[in-house]
Amino acid sequence: MDIKQAKQQIKNAMVAYFSKDEFGGYRLPTERQRPVFLLGAPGIGKTAIMEQIAQELGVGLVSYSMTHHTRQSALGLPFIAKKTYGNAEYDVSEYTMSEIIAAVYDAMEATGRREGILFLDEINCVSETLTPAMLQFLQYKTFGRHRVPDGWIVVTAGNPPEYNRVARDFDIATWDRLKRIEVEPDFPAWRDFAVETGVHPAVLTYLDIERDHFYRVETTVDGPSFVTARGWDDLSAMMKLYEKQGLAVDELLIG
């Protein structure tokens, strides 16, 4: 599906997950809220649509890239706690709060929003030592001993392995915990977004003429050559800044 269709599918899932019964409890328990996994080529706007959805629903958003996380930073650091069982005292291993879950609580304190979306990007690039913990997280929304607060929904994203050398395929156990949405680059869908956000008219005019130049990834003798939706958006921003500063927008900038 295109990015606009994916946005609507994700938004519908979020509305369903946020729905409550007559007692104020969530109709679908947290452990049954299957995280969305947005699978698509780099630079097609996965992060941007999550920002739009959070804004439209009036909820918080915490965005994290999983590429730099180790088992320790995701689960928390170990420490020794004293506990008494019966009449004996024992040293027990405990863990500090996960950096990721702590970021959710920080966002709640900063914005006052008790509901939100925890967006974990590049989730298929986590280290092998973190994989077992990720399975538990996708099912029960917990890292170590700490759980994502009620009212916060998990959305994940990643690139297919052909676009990212450290990405890997999930096994069935992982796929069975995710709501998979595959996204393909689509110029008409991106154009609607571009018009709404004020992408430079020159970029839109060029792509209206050369639509097959909107998204391209190819291998050349000099290595990979590519252009993405993110690239056009960034070029638009630079063109506007250059024009405001009286700088020449030339082929070197565009190249």
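Any value given below was found using the heavy atoms of this structure, including those in side chains, with hydrogens, waters and symmetry copies removed.
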State, with a plain yes or no, whether a side-chain heavy atom of [X] is found less than 4.5 Å away from one of [Y].
X: M14; Y: V36; value: yes
X: V92; Y: Y85; value: yes
X: R27; Y: K20; value: no
X: V199; Y: D233; value: yes
X: L38; Y: T156; value: no
X: E182; Y: M1; value: no
X: D176; Y: R34; value: yes
X: K179; Y: I10; value: no

> Do any N or O atoms from the side chain of T142 and from the backbone of R147 form a donor-acceptor pair under 3.5 angstrom?
Replying inline: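 The answer is no, because no donor-acceptor pair under 3.5 Å joins these two groups.
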
> Has the side chain of W152 got a donor or acceptor atom that lies under 3.5 Å from a matching backbone atom of R114?
Replying inline: yes

Does [X] [atom1] have over 12 foreign heavy atoms under 6.0 Å away?
X: I80; atom1: CD1; answer: yes
X: Q55; atom1: CD; answer: no
X: E243; atom1: CD; answer: yes
X: E251; atom1: CD; answer: no

> What residue among T30, V154, L28 forms side chain to side chain contact (heavy atoms under 4.5 Å, CB included) with Y17?
Replying inline: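 Of the listed options, the one satisfying the test is L28.
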
Kindly give the heavy-atom pair with the smallest separation between [X] and [Y], and that separation in Å.
X: Y242; Y: A248; result: CD2-O, 3.4 Å
X: V148; Y: F137; result: CG2-CE1, 3.6 Å
X: G158; Y: D121; result: N-OD1, 4.1 Å

> Given Q52 and E56, is the side chain to side chain contact (heavy atoms under 4.5 Å, CB included) satisfied, shown in steps?
Replying inline: CA-CA 6 Å; Q52 294 170 26; E56 292 170 10; 4.2 Å; yes

>> Please determine whether side chain to side chain contact (heavy atoms under 4.5 Å, CB included) holds for the pair F18 and I153, giving the CA-CA distance in whole Å, both sets of side-chain angles, and the decisive distance to 0.1 Å.
In response: CA-CA 8 Å; F18 282 130; I153 295 168; 3.5 Å; yes

> Same cluster or not: are L39 and L135 linked, directly or through other Ile, Leu, Val, Met, Phe, Trp or Tyr residues, by side-chain heavy atoms under 4.5 angstrom apart?
Replying inline: no

> So which of Y206, W190, F226, F193 actually passes ring pair (Phe, Tyr, Trp, His ring centres under 6.0 Å) with W232?
Replying inline: Y206

SB check [X] [Y] (cutoff 4.0 Å):
X: E122; Y: K46; value: no
X: D234; Y: R230; value: no
X: R191; Y: D208; value: yes
X: E115; Y: R113; value: no

> Under the side chain to side chain contact (heavy atoms under 4.5 Å, CB included) criterion, do E89 and K82 qualify, and how do the steps go?
Replying inline: CA-CA 7 Å; E89 188 177 73; K82 297 284 187 181; 4.0 Å; yes

>> Regarding Q33 and Y26, do their side chains bring together a donor and an acceptor under 3.5 Å, going by distance alone?
In response: no

